[in-house]
Amino acid sequence: MIRNVSKTGFTAMLWLCGTMLAYSQRIELKDLSAFRNPGNSWSLAENVVADLNGENVLKATKGEGILVNQSSAKKAGSDLFTVNEYGNVAVELDYLTTKGANSGIYLQGNYEIQIDDAWGLRNATSSNNGGIYQRWDDSKPEAEKGFGGVAPRQNASKAPGLWQHIKIVFQAPQFDASGKKTQNAKVISVVLNGVTIHENVELFGATRGAAGAEKATGPLRLQGDHGSVAFRNIVITALSDIPKSDQRGGADPIYIEAASNNMIRSFVDVQPGVRSVHAISVGGPEKTAYSYDLDNGTLLQGWHGDFIDATPMWDGRGNGTSRALGSVTRFTQKPVLAISKLANAQNRWVADTAGTGFRTKGYVLDKQERPTFKYSIYGTTVTDAVKVMENGQGLNREITIDNASKDLYFLLATASNIEEVSKGLYLVDDKSYYIQLADGTAKPVIRDVNGKKEMVVAIGSKLNYTILF
């Protein structure tokens, strides 16, 4: 049974699945009627852009669809509470932080999942992005006042100004008829940017900054007094039953660490039905890694967090694939040549290697055992040096051509949209990642191709740019 209902700014849907009755509400963000007495710091926008280099700077374009909180030290914002209250609940939404910002998602107004700018942080704590915040006791000595917080399993955070996706499944505390608590609240799971960072965490009390005493139901609360932040695609699902954790068992996982620089050759699935069969994944102590397609000279993906799950590759007969363990940002939908020879910047990109003379020459290792890739194409030799930044915030890439030609172009990105936010800095694919071109780089061309945007640039003898994610 499916029934659509509109109430207080929500689009709601009831469905029956097995024994679970769930009531799902999507906050449409055409107005603020889903929230109780919103303060002046909260508004709606059509688009938001954070300043990657400026503390707590968020520019908003008037419109609807995005919930924006503008808060600063001089003019602090206020917290926002939903009109509706919930017990057992699943909360799913996107959020975007400014540089240095801090916010939070409070289940029932009392249990905080932290939001902050943790970009590039190697070891996250309970106070960092995705952490379950501490409880607090002012009667204890200063060093012991905060206690009981739970850090995320790994730092799956993205850069300020990029959309991050979180899904939380929460089990409410239970009380008897007299009001005595009979069961603690529990965070069943938190998935941040595709990575499970919490499972089955019992909450022995409300976290610091709770709205009040623990109770059976309460509103969703978005923190708004610690910096500017934006939210969208808010879906709240009231649950009559709590889904059980995945306990399928199966093979023991085979994980590969990268405490020092490390590499693995494998197949890499770029998306369902699209596979790179000659890929190499590279990681290191920065807790940032990437996968590279040797057949096309293409960067496939980058990620923050742990390195590689080789279980599908090595368990039993295996299928040759490995999987990233961190929060993946995909740079392409399919392996495609990074370099093409074009009469001008508007010509169609070369579909495959036929007629290009493409030939991989493998890679060489530097003193830190980091690879630099080499291949020949159109009668020239290409050196492609991809390096993880020391701060772990992204990748620096330098492409060198030994026989420069005016008609050689490089494909920087293919995406749903590409917007230039400052000179040489571009937001790609609905704020999925940034491309920062080095000073002196030729102006790229952003063109429309089959409903997508392509960003191409003339290489010359050298091209240097950074991918921040």
Side-chain angles (χ1 to χ4, degrees), residues 270 274 276-280 282 290-302 330-364 366 370-387 394-415 418 420 423-426 428-429 433-450 452-468:
V270 181
V274 179
S276 170
V277 296
H278 292 100
I280 183 168
V282 182
Y290 67 89
S291 297
Y292 184 95
D293 180 75
L294 293 164
D295 283 341
N296 293 278
T298 301
L299 264 175
L300 300 173
Q301 60 189 14
R330 303 203 184 279
F331 305 135
T332 185
Q333 294 299 308
K334 62 180 180 180
V336 61
L337 276 175
I339 294 174
S340 283
K341 180 178 283 190
L342 308 177
N344 60 67
Q346 296 298 332
N347 282 174
R348 182 184 297 273
W349 202 255
V350 176
D352 55 46
T353 60
T356 67
F358 181 94
R359 182 180 178 185
T360 182
K361 293 186 176 182
Y363 55 85
V364 295
D366 65 12
R370 300 173 302 182
T372 294
F373 306 100
K374 291 181 175 291
Y375 57 90
S376 58
I377 189 170
Y378 300 114
T380 188
T381 297
V382 178
T383 301
D384 191 351
V386 182
K387 308 296 183 188
L395 306 171
N396 181 262
R397 191 176 190 185
E398 184 175 88
I399 297 94
T400 305
I401 306 294
D402 74 349
N403 185 18
S405 173
K406 292 182 179 180
D407 54 4
L408 288 182
Y409 286 81
F410 190 87
L411 181 61
L412 287 162
T414 300
I418 301 171
E420 186 174 15
K423 185 178 180 181
L425 180 65
Y426 298 82
V428 183
D429 217 11
Y433 61 96
Y434 294 94
I435 287 179
Q436 173 74 71
L437 299 178
D439 291 342
T441 303
K443 180 74 173 179
V445 173
I446 300 174
R447 58 195 202 172
D448 295 306
V449 178
N450 298 325
K452 296 280 189 178
K453 298 289 186 181
E454 283 186 350
M455 183 161 64
V456 303
V457 65
I459 300 176
S461 61
K462 184 176 290 187
L463 173 65
N464 190 299
Y465 71 101
T466 301
I467 302 176
L468 304 169

Which value, rounded to the nearest 0.5 Å, describes the distance between L468 atom CG and L425 atom CG? 7.5 Å
Between L437 and A442, the two heavy atoms sitting closest are CD1-O, 4.4 Å
L342 versus D407: any side-chain heavy-atom pair under 4.5 Å? no
Answer yes or no: is there a donor N or O on one side and an acceptor on the other, between the side chain of R397 and the main chain of L463, under 3.5 Å? no
Spell out, as yes or no, whether a donor-acceptor pair under 3.5 Å connects the side chain of S340 to the backbone of W349. no
Qualifying residue for ring-ring contact (aromatic ring centres under 6.0 Å, His included) with F331, from Y433, Y465, Y290: Y433
Looking only at atom types and distance, does a side-chain atom of R330 sit under 3.5 Å from a main-chain N or O of V270, one as donor and one as acceptor? yes
Specify the closest pair of heavy atoms between P335 and L300, including all atoms of both residues, with the distance to one decimal. CG-CD2, 4.2 Å
Could you pull out all residues at least two apart from K453 that satisfy side-chain contact (heavy atoms from CB on, under 4.5 Å)? I418, I446, D448
Considering all heavy atoms, the nearest N347-R447 contact: O-NH1, 2.6 Å
I want to check something: taking the side chain as every heavy atom from C-beta on, are V277 and D295 in contact at a cut-off of under 4.5 Å? yes
What one should report as the nearest heavy-atom pair of G297 and A338 is O-CB, 3.1 Å
Can you measure from OG1 (T332) to CD (Q301) and round to the nearest 0.5 angstrom? 11.0 Å
To the nearest 0.5 Å, how far apart are CG in N396 and NZ in K387? 9.5 Å
D352 side chain reached by L337 side chain, heavy atoms, under 4.5 Å: no
Non-hydrogen side-chain atoms of N296 and V336 separated by less than 4.5 Å: no
Decide side-chain contact (heavy atoms from CB on, under 4.5 Å) for Q333 and V274; before the verdict, give the C-alpha distance in whole Å, the side-chain angles of both, and the deciding distance to 0.1 Å. CA-CA 8 Å; Q333 294 299 308; V274 179; over 6 Å; no
Side-chain contact, heavy-atom cut-off 4.5 Å: R370 with V282? no
Taken to the nearest 0.5 Å, the spacing of I435 CD1 from I467 CD1 works out to 6.0 Å
From L395 atom CG to L299 atom CG, the distance as rounded to the nearest 0.5 Å: 6.5 Å
For P444 and M455, work out which heavy atoms get closest and say how close. CB-CG, 3.7 Å
I280 side, atom CD1; D293 side, atom CG - distance, nearest 0.5 Å: 11.5 Å
If a pair satisfies side-chain hydrogen bond (donor to acceptor under 3.5 Å, both in side chains) and one of its residues is in residues 434-443, list it, with sequence neighbours excluded. E420-K443
Side chains of T383 and K374, donor plus acceptor under 3.5 Å: yes
Closest heavy-atom pair, I399 versus V382, reported as atoms and distance to 0.1 Å, is CG2-CG1, 3.7 Å
For Y292, the option from Y375, Y363, F373 that meets ring-ring contact (aromatic ring centres under 6.0 Å, His included): F373
